[in-house]
Structures are given as structure tokens and as C-alpha cells.
Amino acid sequence: MKLNFKGLRALVTGAGKGIGRDTVKALHASGAKVVAVTRTSADLVSLAKECPGIEPVCVDLGDWEATEKALGGIGPVDLLVNNAAVALVQPFIESTKEVFDRSFKVNVRSVLQVSQIVAKGMISRGVPGSIVNVSSMVAYVTFPGLATYRVLSTHTFTGSTKGAITMLTKAMAMELGPHKIRVNSVNPTVVLTDMGKKVSANPDFSKKLKERHPLRKFAEVEDVVNSILFLLSDSSASTSGSGILVDAGYLAS
Ligand code: NDP
């Protein structure tokens with residue numbers, strides 16, 4: 001998809017690896033100035049070599065004070081991609097406070113915090129904007145019938161945090177809409193990034209899960225990035241509070 005973001009400044013969280021990294025590259029190639037936010041500085045060094053001119057910010061988005069310090073004065077942003085997340089594995093019955101808190105701090109609270117910073121800037125400048133929250137198919141569904149696989153426990157937290165993102169996306173869309181700021185989500189099935197490989201590490205589970213998708217496949221990083229770019233762009237000018245499933249048909253089954 002060829003979209004032009006020339007003259008716009010974008011901020012992408014979780015920019016070091018996987019979907020976030022390829023989103024930065026696509027936005028950079030489409031003419032946007034990009035602020036790349038992630039936790040591992042080596043990833044930012046290599047990304048800056050691939051995409052000269054990006055603005056790297058190294059911060060743990062699970063830390064409210066550090067995030068405020070790193071991004072509080074970030075300046076004008078027109079496009080925001082809230083992509084950073086963790087997938088921490090613990091069965092529900094053994095879940096700990098620490099893992100619950102970490103999951104919600106990174107996957108939900110940071111979306112609120114970074115979006116607040118960015119949206120306040122958009123409102124005070126009186127400019128339109130677009131925010132995309134990278135959610136997941138597990139915002140809507142578990143993996144029924146595959147319960148014998150321990151990997152299911154991954155979704156205790158991932159699914160709960162992504163379910164929260166569904167309503168946060170709608171609430172933000174309601175409140176920010178009058179300011180011409182659109183807010184949407186993308187909801188992928190498994191994508192074979194570092195995170196996706198962990199989730200589908202059991203080959204038997206992975207094969208069975210793939211077969212449950214009508215298209216008999218998982219999603220590619222590029223498929224997710226294309227949907228993110230579409231929602232960021234004016235091509236989706238009348239879409240807000242919504243989500244694009246990139247799920248190879250899983251939810252139709
Ligand atoms: P990866 O684990 O491959 O990459 C995640 C990126 O986010 C890394 O660069 C990571 O940095 C960064 N990140 C994680 N935690 C923090 C933090 N606290 N502060 C700053 N940066 C952080 O994940 P994916 O690319 O696969 O996932 C991207 C998004 O897509 C997530 O929201 C995920 O939930 C969603 N998704 C992924 C699916 C999949 O199967 N892969 C399926 C459905 C949705 P570092 O490595 O340094 O920690």
C-alpha cells in the first residue's frame with residue numbers, strides 16, 4: 001500500500017522489534033518523521049542505521065515517571081501507534097500480582113499515558129490526528145478446544161489487557177472525536193515475531209491452531225503494518241472507535 005505521510009510526525013511505541021519496527025520503517029519510507037520508542041537501546045541503534053533521521057527514545061513504558069520524563073516534552077505528534085506490549089505466561093490459577101501489574105502497566109496504562117501526552121498536544125495545536133492501538137484477536141476470543149496446551153495460559157493476561165484496549169479505544173474515540181482525532185485498533189492473530197514465536201512454540205499446538213483459521217495461516221507482519229497505515233491515513237477518514245481484524249478469518253469460525 002503506497003501512502004504519503006510527508007509533513008507529518010509519527011510516534012511508534014515498541015519500535016525495537018517485530019510489528020513496531022516494521023511500522024517505523026514503513027512510516028519512514030512514506031515520508032513521515034518518526035519518533036521510535038522502545039526499551040532496548042541496541043534496537044534503536046540498529047533501527048536508526050536503517051532509517052536515518054528517526055528520533056530514538058529509550059524508555060520502559062511500564063514506568064510512569066520515566067515515561068513522563070522521556071515523552072512529556074516530545075513536541076508535536078500527528079500520528080500515534082501504541083504497539084508496545086508484553087505477553088507474560090502464567091496460568092490463571094497461578095497468576096501473581098506482579099505479572100498482573102506488569103501486564104496492565106505496559107499493555108494498557110502506557111496506552112493511556114502516551115495517548116494523553118500526544119492528544120493534549122494535538123488539541124492545543126488544533127490539528128487532527130490518528131491513533132492506532134495494536135491490540136489482538138485475543139481481545140475477543142480465547143482458543144477453545146486447545147485447552148490441553150499450556151500455551152493457552154499466555155492469554156490470561158494478554159487477552160485481559162487487550163479486552164481492556166477495546167473499550168479504551170472506544171472511550172478515546174468518543175472523547176477525542178470532536179477534536180478530529182480518530183482512534184482505532186488492529187487485532188491480529190498470531191504473527192511470527194519474537195512474541196508470536198514464543199506463543200506458538202509448541203509445533204503441535206501451532207499446527208492445530210493454524211488449521212482452525214479459515215485461511216489456514218497466521219498473519220504476516222506486513223499485513224498488520226498495512227492495516228495500521230490504513231487507519232493512520234486519511235483513507236480511513238470516517239473510521240473511529242473501530243478495529244480491523246487481521247485474523248486470517250479466525251473469528252468467523
Ligand atoms: P515483539 O515482542 O516482537 O516486540 C515488542 C516490542 O515492544 C519490542 O521492541 C519490545 O522491546 C517493546 N516493548 C515491550 N515492552 C516494552 C516496554 N515496557 N517499554 C518499551 N518498549 C517495550 O512483539 P510483536 O511485534 O509481536 O507485538 C507488537 C504488538 O502486536 C503487541 O501489542 C502485541 O500484543 C500485538 N500482537 C502480537 C501478536 C503476535 O503473535 N506477535 C498477535 C496479536 C497481537 P524489548 O524487546 O526491548 O522489550
Begin from the C-alpha positions of Glu220 and Val191 and carry the test side chain to side chain contact (heavy atoms under 4.5 Å, CB included) through to its verdict.
CA-CA 6 Å; Glu220 301 294 328; Val191 185; 5.9 Å; no

Verdict with reasoning, Asp194 to Lys198, per salt bridge (Lys or Arg N to Asp or Glu O under 4.0 Å)
CA-CA 6 Å; Asp194 288 359; Lys198 248 194 322 181; over 6 Å; no

Candidate pair Ile181 and Ile123, rule side chain to side chain contact (heavy atoms under 4.5 Å, CB included), full reasoning:
CA-CA 9 Å; Ile181 301 168; Ile123 293 166; 4.0 Å; yes

Apply the test side chain to side chain contact (heavy atoms under 4.5 Å, CB included) to residues Asn187 and Ile244: give CA-CA distance (whole Å), side-chain angles for both, the deciding distance (0.1 Å), then the verdict.
CA-CA 6 Å; Asn187 297 69; Ile244 295 183; over 6 Å; no

Pair Thr38-Thr13, side chain to side chain contact (heavy atoms under 4.5 Å, CB included): steps then yes or no:
CA-CA 6 Å; Thr38 197; Thr13 71; over 6 Å; no

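In this structure, Gln113 places its CD atom where more than 12 heavy-atom neighbours from other residues, nucleotides or ligands lie under 6.0 Å away. Heavy-atom contacts from other residues, nucleotides or ligands closer than 6.0 Å to CD of Glu175 number 12 or fewer. Sparse packing is recorded around CD of Glu222, with 12 or fewer heavy atoms of other residues, nucleotides or ligands lying under 6.0 Å away.
Of the inter-residue distances, the one linking Thr67 atom OG1 with Ile74 atom CD1 reads 11.5 Å to the nearest 0.5 angstrom. For the atom pair OG (Ser103) and CG (Leu88), the distance works out to 4.0 Å, reported to the nearest 0.5 Å. Between Lys25 atom NZ and Ser30 atom OG the span is 13.5 Å, to the nearest 0.5 Å. Separation of atoms CZ (Arg212) and OH (Tyr250) is listed at 4.5 Å; rounding is to 0.5 Å. Between the CG atom of Leu61 and the NZ atom of Lys105 there is a distance of 13.0 Å, given to the nearest 0.5 Å. Expressed to the nearest 0.5 Å, how far OG of Ser124 lies from NE2 of His179 amounts to 11.0 Å.
Side chain of Ser235 to main chain of Phe230: no donor-acceptor pair is present (N/O by atom type, distance under 3.5 Å, no hydrogens or angles). When atom types are taken as modelled, the side chain of Ser206 and the backbone of Asn202 share no donor-acceptor pair closer than 3.5 angstrom. The backbone N or O of Lys162 lies less than 3.5 Å from no partner atom in the side chain of Ser136, so there is not a single donor-acceptor pair. Judged by distance alone, the side chain of Thr142 and the main-chain N or O of Val138 form no donor-acceptor pair under 3.5 Å. In this structure a side-chain-to-backbone donor-acceptor pair under 3.5 Å is missing from Asp22 to Ile19. Asn83 places a side-chain N or O within 3.5 Å of a backbone atom of Gly14 that can act as its donor or acceptor partner. With hydrogens and angles disregarded, no donor-acceptor distance shorter than 3.5 Å links the side chain of Asn133 to the backbone of Ser185. With hydrogens and angles disregarded, a donor-acceptor distance shorter than 3.5 Å links the side chain of His28 to the backbone of Pro52.
Here the side chains of Val59 and Asp63 are not in contact, with every heavy-atom distance at 4.5 Å or above. Between Val186 and Leu231 the shortest side-chain heavy-atom distance falls below 4.5 Å. Contact check for Tyr140 versus Asp247: no side-chain heavy atoms found under the 4.5 Å cut-off. Between Val81 and Leu11 there is no side-chain heavy-atom pair separated by less than 4.5 Å. Phe100 is not listed as a side-chain neighbour of Ser160, based on a closest heavy-atom distance of 4.5 Å or more. With contacts defined as side-chain heavy-atom distances shorter than 4.5 Å, the pair Val35/Val12 does not qualify. Between Met122 and Val118, some side-chain heavy-atom pair lies under the 4.5 Å cut-off. Leu27 has its side chain within reach of Leu232: a pair of non-hydrogen atoms, C-beta onward, lies under 4.5 Å apart.
Salt bridge status for Lys97 with Asp101: present, with a side-chain N to carboxylate O gap under 4.0 Å. A salt bridge does not link Arg216 to Glu211: none of the charged side-chain nitrogens sits closer than 4.0 Å to a carboxylate oxygen.
Judged purely by distance below 3.5 Å, without hydrogens or angles, the side chains of Thr161 and Asn107 pair a donor atom with an acceptor atom. Judged purely by distance below 3.5 Å, without hydrogens or angles, the side chains of Ser236 and Arg182 pair a donor atom with an acceptor atom.
Here the closest non-hydrogen pair linking Ala26 and Val225 is CB-CG1, 3.8 Å. For the residue pair Ser242 and Asn184, the shortest heavy atom distance occurs at N-OD1, 2.9 Å. The minimum heavy-atom distance linking Ala15 with Ala36 is given by the pair CB-CB, 3.7 Å. In this structure, Cys58 and Arg39 approach most closely via the heavy-atom pair SG-O, 3.3 Å. The two residues Lys197 and Leu192 make their nearest non-hydrogen contact at CE-O, 3.4 Å. Residues Arg21 and Leu47 approach most closely at NH2-N, 3.4 Å, considering heavy atoms.
With Val111 as reference, Asn82 is the one residue of Ile131, Asn82, Leu80, Thr169 to meet the side chain to side chain contact (heavy atoms under 4.5 Å, CB included) rule. Under the salt bridge (charged side-chain N to carboxylate O under 4.0 Å, His left out) test applied with Asp78, the options Arg9, Lys33, Arg125 reduce to a single match, Arg125.
Criterion: ILVMFWY side-chain heavy atoms under 4.5 Å apart, direct or through other members. Under it, Val99 and Met195 are not part of a common hydrophobic cluster. Using a 4.5 Å cut-off between side-chain heavy atoms of Ile, Leu, Val, Met, Phe, Trp and Tyr, with links allowed through other members, Leu209 and Leu251 fall into the same hydrophobic cluster. With hydrophobic clusters built from ILVMFWY side chains whose heavy atoms lie under 4.5 angstrom apart, Val106 shares a cluster with Val114.
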